[in-house]
Amino acid sequence: MGFDATAFRRQFPILATEPGGRPLHYLDNAATSQMPRAVLDAVVAHETTRRANVFRGNHSLGDAATDAYDGARQSVAGHIGVSPDEVVFTSGATGALNLAAHSFGSLLESGDEIVLSRLEHHSNLIPWQLLRDRHGVMLREIPVTPEGRLDLTSLDRVVTPRCRLIALTHASNVTGAITDVAAVVAAAQAVGARVLLDGAQRAPHGGPFDVAGLGVDFYAFSGHKMYAPNGIGVLWGRHDVLAEMPPFLAGGHMIDRVRWDRASYAPPPLRFEAGTPPIAQAVGLGAAARWLKTQDWPAIRAHMDGLMTRMLDGLASLPGVRLVGPASIEHRLPVFSLTVDGREAQEVCRALDHGYGVALRSGHHCAQPLMDAFGVAGTVRASLLPYNTAEDVDAFLDGLAGVTSRAA
Ligand code: PLP
């Protein structure tokens, strides 16, 4: 049985709305995904039947809220193949990466090295720059190839015996390139370094996946890019690694015992979840994880391969359009960045929005050092999820053809 894209799309109420009587071609999925009815219903059900604070209330409603929050953690842990006590709920990938940089980073010493890459989102760069400034660690860089992949031939040179952490994106939010994790893990293990992956872009693509089996130590992602609400994300860490890390944020609920002059802390994950957590958001993320499990991923993959091929063939046929990223569908996500000769990225996006109902993103995509490497100020970015169709891709390509013909 093939993939029924129309039935899949129908699960997303917002995609049925037609602003100004036009269909919405939503191609800004790398920024935020839409939410299926299953997730929306779970959030509404929580807020209307179980809304209370967690862990504290001495009443049935509080118990129900706590069960829902714990259940969400279990669903997320099941989705990525890890133990629930290794799943720290954060505000998003940015929250998760800052937690790692502060807390794991505080265990590092001056002169220790952290390896990052030119492909990183600012969220996986600036927290480490701040750590460098506080702590005297050194940052080393894996460069990118002309097609926007990590240049892993540099690993031998960049990863030295002083390396304590390699922190890389699992997939680029600009070029769509997927990282060869096995090569990175091998390089880290050779010098006893930890590996952190920023999975913000990879997490929405695919069903349950085996994060622990990747051989990494940390994995960060955001709910709102993965069919779930805003304000929730995850830092997964190996339990023995988390157990050694001090708290990042402090306050209610992350404690063991507090005295006037000192405090001891709860074990992970609660040690890292100070204050009232984003409860309904976590419930939504748990629902998204369960919903992802029920989808037909082999059929979805074939659908996405078809869309990626259509997109790449279409882009290659447009004069003046330059792809910033791999030109084949191998080891890449359906995230396409491009420039149009003679036109500003922002202008292209506005023209496609107004003229064709295509929602895109333009700019540096929080990856200015990568833009510098490519010598561009910004790109137009179109990014797909399985609810996108051939009509969405064609609307984008038609719009681009219109813009390039006017530019000529
Ligand atoms: N890392 C990558 C690769 C991203 O694409 C993003 C967001 O675009 C982030 C981190 C930050 O995610 P958030 O803004 O949800 O915290």
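All ligand and atom numbering here is 1-based and tracks the order in the structure.
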Short N or O distance, S123 and ligand 1, threshold 3.5 Å exclusive:
no
Taking atom types as modelled, find out whether N29 and Y387 have a side-chain donor-acceptor pair closer than 3.5 angstrom.
yes
Check: F248 ring centre within less than 6.0 Å of F104 ring centre:
no
Atom 8 (O) of ligand 1 [closest protein heavy-atom partner, distance rounded to 0.1 Å]
K225 NZ, 2.6 Å
Quick check on contacts: which atoms of ligand 1 are under 4.0 angstrom from a heavy atom of N173?
5 (O)
Presence of salt bridge, D28 and R381, under 4.0 angstrom
yes
If we only consider heavy atoms of D198, is any one of them less than 4.0 Å away from an atom in ligand 1?
yes
Basic-acidic side-chain contact under 4.0 Å: D217, R238
yes
Nearest to atom 5 (O) of ligand 1, what protein heavy atom do you find, and at what distance?
Q201 NE2, 2.7 Å
The atoms of ligand 1 lying under 4.0 Å from a heavy atom of A93, numbered in the order shown, are 12 (O), 16 (O)
Short N or O distance, H224 and ligand 1, threshold 3.5 Å exclusive:
yes
What I want to find out is whether R50 reaches D63 closely enough, with some N-O distance under 4.0 Å, to be called a salt bridge.
no
How about F12 and W291: are their ring centroids closer than 6.0 Å?
yes
Is the distance between the ring centroids of H122 and H364 under 6.0 Å?
yes
Which residue owns the protein heavy atom closest to atom 4 (C) of ligand 1, what's the atom, and how far is it?
H121 CD2, 3.3 Å
Atoms of ligand 1 close to T94 [distance to a heavy atom under 4.0 angstrom, numbered from 1]
11 (C), 12 (O), 13 (P), 14 (O), 16 (O)
